[in-house]
Number of protein chains: 2
Amino acid sequence: MSIEPARRVRRSPEAARENILQSAERLLLEKGPQGLKLVEVAQGAGVSHATVLHHFGSIDGVQTALAETMIRQLVARVLEAERPDDPQAQLEGVGQVLFDAFETAGGARLAAWLELTGETRRLTLVRAAVEEVISGPMAQKGVDPEKATNLILVAVSLAMGVGLIGRSLAELVGRPPETTREAALAFLKSGLAAALNR
Amino acid sequence: MSIEPARRVRRSPEAARENILQSAERLLLEKGPQGLKLVEVAQGAGVSHATVLHHFGSIDGVQTALAETMIRQLVARVLEAERPDDPQAQLEGVGQVLFDAFETAGGARLAAWLELTGETRRLTLVRAAVEEVISGPMAQKGVDPEKATNLILVAVSLAMGVGLIGRSLAELVGRPPETTREAALAFLKSGLAAALNR
DNA sequence: AGAGTTATCTACAAAAATGTCAATAGAGCC
DNA sequence: GGCTCTATTGACATTTTTGTAGATAACTCT
């Protein structure tokens, strides 16, 4: 019995890259940065590790690409909900959206990963997003840019923290996992209201 | 010319372990989880990598020990400042202390690392600390335990987020790095006041 | 001083992870 | 059908990282 050569699936370069990145993302979120091994990524994508190298050049290439797409997704999720319809409802919803963005698809874990690996330069996208919010909804509401910036900094930090450790923190003190998120949301909302209506 | 054998420094097991752990911590904070290599840790500690293995058994042993001591330090830093002298000043200082704790010596990065690696079980220490705060200063102030818990969850999450990405976030939008921290502190303070004086 | 203990070292070995290369096989095109 | 292009692969090569073993030197105790 001779060994059958594996039958191949031939994808377009774009499809191949996306397939691989999805596997990489899954691994990152499951096992953390340490789990991002070439062969495991390949395995998860149903492909040989040589293929991964063909498309990304090196393991670093994979990490870089992954970071970039994840940031892009994160920023997109945040901005998507910034429609300038009703500024009031918007401001109330900002927290909601932010929290979602950082909780969904491991946004917070991505950010943490970037911080831990010192990849903070990659964040020009984020900067653009922040500026968009400041000059968009905030300015419309007539908020002083300085103050608006501060609020955003706080809100994002909070969303980050909640997204990262919110669930386990709540469970740690014997509450349902969403407790942190809900409490933080309420806290943020009332804080925002107090800071803005004045 | 024959090679001189390196002269040895013989430490007590405890001192040796501590020396090594310090190097490991430095590396973790500098290069992230990926930078925690056996030889680098050894180099930073000024010993051979075999010595590290002798004391910790494996690289996992190093990680485990490191996580534990870092958590211990973090919790200690938080609780240290919980002296039941003046409940009022205390509550105001809580934010300060929390933020310090998560910012100093990479507390936030530690927590992030633990989360990313899925090492959340190691956190029994934290649980004890939270309970101590709830039943201590909070109860003294006559705060409903439920509400107290929520506030703590929020405060810790915020401290976490600020400690992790606060500085780079501020720099990202062109402010001095402490901006996030200061804004968050003010936000937290007024929020706490509003939630408690009622 | 001599002996015992063990933290430490060097040298080697094993394993894991990354990277290279030539051959192959899908898919579109003539 | 035959041709071309290249995504894919298996097998090999290299580098990195972790782990093992025996010898040695620092320290304590008698």
Side-chain angles (χ1 to χ4, degrees), chain A residues 1-28 30-67 113 116-117 119, chain B residues 1-28 30-67 113 116-117 119:
Chain A
M1 248 190 232
S2 65
I3 306 170
E4 285 291 306
R7 69 161 169 283
R8 307 180 177 183
V9 181
R10 191 191 176 101
R11 293 170 239 250
S12 73
E14 302 77 37
R17 286 175 60 99
E18 189 181 325
N19 175 41
I20 291 168
L21 283 183
Q22 279 181 11
S23 162
E25 181 172 338
R26 213 178 312 135
L27 271 175
L28 174 69
E30 261 175 26
K31 307 196 179 180
Q34 330 250 25
L36 219 58
K37 308 293 182 187
L38 206 38
V39 288
E40 290 194 60
V41 171
Q43 214 166 9
V47 142
S48 81
H49 83 276
T51 298
V52 177
L53 287 177
H54 172 71
H55 285 290
F56 294 94
S58 70
I59 223 328
D60 276 329
V62 176
Q63 294 186 356
T64 303
L66 178 59
W113 173 48
L116 288 180
T117 21
E119 286 297 336
Chain B
M1 248 191 235
S2 67
I3 307 170
E4 285 292 304
R7 69 161 168 282
R8 306 179 178 183
V9 181
R10 191 191 176 101
R11 293 169 239 250
S12 73
E14 301 77 37
R17 286 176 59 100
E18 189 181 324
N19 175 41
I20 291 168
L21 284 182
Q22 279 183 11
S23 163
E25 181 172 338
R26 212 178 312 135
L27 271 175
L28 174 70
E30 261 175 28
K31 307 197 181 179
Q34 329 249 28
L36 220 58
K37 310 294 185 187
L38 209 37
V39 288
E40 290 194 59
V41 171
Q43 214 165 11
V47 295
S48 80
H49 83 276
T51 298
V52 177
L53 288 175
H54 172 71
H55 285 290
F56 294 94
S58 71
I59 194 53
D60 277 328
V62 176
Q63 294 186 357
T64 304
L66 178 60
W113 174 48
L116 290 179
T117 0
E119 286 297 338

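A, B, ... follow the sequence lines: proteins, then strands. Residue 1 opens every chain.
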Partners meeting side-chain contact (heavy atoms from CB on, under 4.5 Å) with [X] (sequence neighbours left out):
X	result
Ala45(B)	Asn19(B), Ile20(B), Ser23(B), Val47(B)
Gln43(B)	none
Ile59(A)	Leu38(A), Val62(A)

List the atom of Gln63(B), the atom of Trp113(B), and the distance in Å for their closest heavy-atom pair.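 So the minimum-distance heavy-atom pair works out to O-CH2, 3.7 Å.
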Please list residues of residues 31-38 of chain A whose heavy atoms come under 4.0 Å from any atom in DNA chain C, ordered by number; otherwise none.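 Under 4.0 Å from DNA chain C: Lys37(A), Leu38(A).
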Could you identify which residues of residues 10-22 of chain B place a heavy atom less than 4.0 Å from some atom of DNA chain C, listed by residue number, or say none?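 DNA chain C contact set from residues 10-22 of chain B: Arg10(B), Arg11(B), Pro13(B), Ala16(B).
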Between [N] atom [atom2] and [X] atom [atom1], what is the distance in whole Å?
X	N	atom1	atom2	value
Gln43(B)	dT17(D)	CD	C1'	14 Å
Asp60(A)	dA17(C)	CG	P	16 Å
His49(A)	dA17(C)	NE2	P	12 Å
Phe56(B)	dG19(D)	CZ	C1'	16 Å
Arg8(A)	dT9(D)	CZ	C1'	5 Å
Glu40(A)	dA17(C)	CD	P	7 Å

Using the side-chain heavy atoms of [X], tell me which of these nucleotides is nearest: [options].
X	options	answer
Ile59(B)	dG19(D), dT8(C), dC9(C)	dG19(D)
Ala50(B)	dG19(D), dT20(D), dG10(D)	dT20(D)
Arg7(B)	dG19(D), dA26(D), dT8(D)	dA26(D)

Taking only the side-chain nitrogens and oxygens of Thr51(A), find out if one of them lies under 4.0 Å from OP1 or OP2 of dT9(D).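 Answer yes for this pair, as a side-chain N or O of Thr51(A) is under 4.0 Å from OP1 or OP2.
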Taking only the side-chain nitrogens and oxygens of His54(A), find out if one of them lies under 4.0 Å from OP1 or OP2 of dT8(D).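 It does not, given that no N or O in the side chain of His54(A) lies less than 4.0 Å from OP1 or OP2 of dT8(D).
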So do Leu21(A) and Phe56(A) actually touch side chain to side chain, heavy atoms under 4.5 Å?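 A side-chain contact under 4.5 Å exists here.
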Under 4.0 angstrom, heavy atoms only, what part of the nucleic acid is Val39(B) near: base, sugar-phosphate, or nothing?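 Base: the residue Val39(B), judged by heavy atoms under 4.0 Å, touches a nucleobase.
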Show me the pairs that pass salt bridge (charged side-chain N to carboxylate O under 4.0 Å, His left out) and involve residues 57-66 of chain A, at least two apart or across chains.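 Qualifying pairs: none.
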List the residues meeting side-chain hydrogen bond (donor to acceptor under 3.5 Å, both in side chains) with [X], not counting sequence neighbours, and say none if there are none.
X	value
Glu25(A)	none
Lys31(B)	Glu40(B)
Thr51(A)	Ser48(A)

Both Val47(A) and Leu53(B) contact DNA chain D. Which one's nearest nucleotide lies toward the 5' end?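 That would be Val47(A).
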